[in-house]
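These notes are about the structure you will find just below.
Excluded from the calculations below are hydrogen atoms, water molecules and symmetry mates; all remaining heavy atoms, backbone and side chain alike, are included.
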Amino acid sequence: MFSNVFLKSFRILLFPLALLYGAVVLLRNWLYNRGWMHATTFNLPLICVGNLSVGGTGKSPMVEYLLTRLRGNFRVATLSRGYKRKTKGYALANEKTTALEIGDEPMLFHIKFPDVPVAVGEERIVAIPQLLHDRPDTQAIILDDAFQHRPIKAGLNILLTDHGNLYTRDFFLPTGDLRDARSSAGRAEVIVVTKCPPNLSGSEKEALTRELRPRPGQQLFFTTIAYGAPYHITSRAFGQLTDDTEVLLVTGIANPRPLKAWLEERIHSYSMMHFGDHHIFSIDDWADIRKRFAELPGERKLILTTEKDAMRLLKFESELEALPFFVIPIEHQFLFGEGTQFDSIVHNFIQEFK
């Protein structure tokens, strides 16, 4: 509690830096909006999934959601920056690729959708032609975390905002979490409020709609997180959590709060090791994890992590096989029966693209 209060107070002291950062962001957007800085378009459907803030809003699960629903009808590829990878430039995933080479999120897409081309590249304006050269049959590209990448103009922008930290209630970095202006939400064709309570009421939906004030023609949706059955990190065999299971939760994601809440509803108690977002696990980290797990009481115990963290832990595969080390998958579930409407918007965008 004290550390959270101190951090909040410290960030308030950085308000002048936030004003300076915000001024730079607003100037850059103004230059693009006036056409003085050029945005390139491509002659194929580009779907951008992004947000206005730092931290987790569910971008990776949204990319997975789109891939699940599109790849049966279209030849879809993904392009990510490859955050915190150990390589530079453009790369297309293959059977020998590791998370260190392309990043944890692209690696997750590659493993879960082996038939989908998964590429990374910091300069997306350069990476898109390279991807199309490598996979000329590509019919659409999903740009992961590219809403702030103004040099490219996507045809369909899907903007995500966390129900617990809406961009309307946030401020520029470093005082707040915004890396782009609130007004930039107007560039999106679709806004999705993620991580909503599963029992979000109609009146709460209306209140959030009034707060977000979608422009005419802009579609607004609401999703909640659904957790799947835990599976073993190497064998992929399903496991089960019971009230008496002792769990060591290992996370290196921006916002583990929803996962913690889900876990607290199902088991009596758990221990947690929380690392920084996209943390690259070292040998010392792995030794600490094994030590903490060995210290857990009881005979029924396991280690639990997220799918993104699992991508960065697979390098310890030979040791993982002998441990009850499980992964918890997540997905978006649309509320108010509006998932079909969302799917139609995306499908029609590709189908009718000219």
Side-chain angles (χ1 to χ4, degrees), residues 47-70 78-81 83-84 103-109 111-113 118 142-149 154 156-170 177-180 184-185 188-200 204-205 208 212 214 219-228 249 251-263 274 277-278 305-311 327-336 338-339 341-343 345-346:
I47 302 171
C48 171
V49 176
N51 57 12
L52 298 181
S53 64
V54 296
T57 54
K59 294 186 295 296
S60 295
M62 180 56 70
V63 172
E64 292 182 32
Y65 180 96
L66 293 170
L67 289 175
T68 300
R69 282 151 182 81
L70 293 175
T78 70
L79 176 61
S80 308
R81 177 178 48 164
Y83 183 63
K84 280 205 172 181
D104 53 0
E105 291 155 341
M107 190 65 196
L108 179 59
F109 305 151
I111 288 179
K112 297 184 80 169
F113 305 95
V118 174
I142 299 174
L143 303 176
D144 177 32
D145 194 16
F147 194 71
Q148 286 77 35
H149 196 73
L156 180 63
N157 289 281
I158 301 172
L159 179 68
L160 310 184
T161 184
D162 187 339
H163 175 270
N165 188 28
L166 296 175
Y167 62 78
T168 49
R169 306 171 188 175
D170 209 345
D177 292 323
L178 288 183
R179 51 178 172 166
D180 202 346
S184 291
E189 285 72 34
V190 176
I191 298 175
V192 182
V193 181
T194 63
K195 303 183 181 180
C196 297
N199 58 348
L200 189 74
E204 290 172 312
K205 174 187 176 183
L208 290 169
L212 293 170
Q219 302 295 312
L220 178 62
F221 295 93
F222 301 83
T223 67
T224 189
I225 287 178
Y227 290 95
L249 179 61
T251 66
I253 57 176
N255 180 15
R257 290 191 301 273
L259 177 54
K260 291 166 61 179
W262 178 86
L263 199 56
H274 180 54
D277 194 20
H278 296 275
T305 194
T306 70
E307 288 189 308
K308 288 198 295 185
D309 291 314
M311 298 302 102
V327 181
I328 183 77
I330 68 170
E331 64 177 13
H332 286 283
Q333 282 190 352
F334 281 80
L335 301 176
F336 309 107
E338 295 177 339
Q341 181 185 350
F342 175 86
D343 296 350
I345 290 173
V346 179

- Item | Over all atoms of both residues, closest heavy-atom pair of Lys195 and Gly56 | NZ-O, 3.0 Å

- Please tell me if the side chains of Glu64 and Glu307 come closer than 4.5 Å, counting only heavy atoms from C-beta onward. yes

- Task: Might you work through the side-chain contact (heavy atoms from CB on, under 4.5 Å) test for Leu79 and Ile142, ending with a clear yes or no?
- Result: CA-CA 6 Å; Leu79 176 61; Ile142 299 174; over 6 Å; no

- Name all residues meeting the ring pair (Phe, Tyr, Trp, His ring centres under 6.0 Å) criterion together with Phe222; count only those two or more places apart in sequence or in a different chain, and write none if there are none. none

- State, with a plain yes or no, whether a side-chain heavy atom of Val118 is found less than 4.5 Å away from one of Phe113. no

- Could you go step by step and tell me if Ile158 and Leu66 meet the side-chain contact (heavy atoms from CB on, under 4.5 Å) rule? CA-CA 11 Å; Ile158 301 172; Leu66 293 170; 4.1 Å; yes

- Query: Between Leu335 and Cys196, is any pair of side-chain heavy atoms under 4.5 Å apart?
  - Reply: yes

- Can Arg69 be said to sit on top of Tyr65's aromatic six-ring, NZ or CZ under 6.0 Å from centre and within 45° of the ring axis? yes

- Query: Who passes salt bridge (charged side-chain N to carboxylate O under 4.0 Å, His left out) against Lys205, sequence neighbours left out?
  - Reply: Glu338

- Note on the structure: Applying salt bridge (charged side-chain N to carboxylate O under 4.0 Å, His left out) to Arg257 and not counting sequence neighbours gives none

- From Ile191 atom CD1 to Thr161 atom OG1, the distance as rounded to the nearest 0.5 Å: 8.5 Å

- salt bridge (Lys or Arg N to Asp or Glu O under 4.0 Å) test vs Glu105 passes for just one of Arg81, Lys112, Lys84, Lys308, namely Lys308

- Apply the side-chain contact (heavy atoms from CB on, under 4.5 Å) test between Val49 and each candidate in Asp145, Leu160, Asn157; give the one that qualifies. Leu160

- Message: Quick one, Val193 and Leu166 - any side-chain contact, counting heavy atoms below 4.5 Å?
- Response: yes

- Query: Which atoms form the tightest heavy-atom contact between Leu52 and Ser184, and what is the distance?
  - Reply: CD2-CB, 4.0 Å

- Query: Can you find a pair of side-chain heavy atoms, one from Met107 and one from Ile111, that are under 4.5 Å apart?
  - Reply: yes

- Aromatic plane relationship, Phe342 with Phe221 - under 30° parallel, 30 to 60° tilted, over 60° perpendicular: perpendicular

- Item | Side chain proximity check, Leu212 to Thr168, heavy atoms < 4.5 angstrom | yes

- Note on the structure: CD1 (Ile253) and CG (Asp309) are apart, to the nearest 0.5 Å, by 6.0 Å

- Task: Indicate the atoms forming the closest heavy-atom contact of Tyr167 with Ala185, along with that distance.
- Result: OH-CB, 3.4 Å

- Nearest 0.5 Å, what's the CG-NE2 distance between Leu208 and His163? 5.0 Å

- Message: For Thr223 versus Thr194, what's the shortest heavy-atom pair and its separation?
- Response: OG1-CA, 3.4 Å

- Message: So Leu249 and Leu263, do their side chains get closer than 4.5 Å, heavy atoms only?
- Response: yes

- Work out which heavy atom in His274 is nearest to a heavy atom in Pro256; give both atom names and the distance. CE1-CG, 3.8 Å

- Is Thr305 close to Thr251 at the side-chain level, that is, under 4.5 Å between some pair of heavy atoms? no

- Residues forming a salt bridge (charged side-chain N to carboxylate O under 4.0 Å, His left out) with Asp162, sequence neighbours excluded: none

- Item | Non-neighbouring partners of Pro61 that pass side-chain contact (heavy atoms from CB on, under 4.5 Å), sequence neighbours left out | Ile330, His332

- Message: Looking at every heavy atom in both Ala188 and Leu159, which two are closest together, and how far apart are they?
- Response: CB-CB, 3.7 Å

- Task: For the pair Asn51 and Thr57, evaluate side-chain hydrogen bond (donor to acceptor under 3.5 Å, both in side chains) and give the outcome as yes or no after the intermediate values.
- Result: CA-CA 7 Å; Asn51 57 12; Thr57 54; 3.0 Å; yes

- Message: What's the separation between atom CD1 in Ile47 and atom CG in Leu143, rounded to the nearest 0.5 Å?
- Response: 9.0 Å

- Query: So, the side chain of Tyr227 versus the backbone of Leu259: is there a donor-acceptor pair under 3.5 Å, distance only?
  - Reply: yes

- Message: As an exercise, state the distance from CZ of Phe109 to OG of Ser80, rounded to the nearest 0.5 Å.
- Response: 5.0 Å

- Item | salt bridge (charged side-chain N to carboxylate O under 4.0 Å, His left out) partners of Asp180, counting only residues at least two apart | Arg187

- Output the distance between atom CD1 (Ile345) and atom CD (Gln219), rounded to the nearest 0.5 Å. 4.5 Å

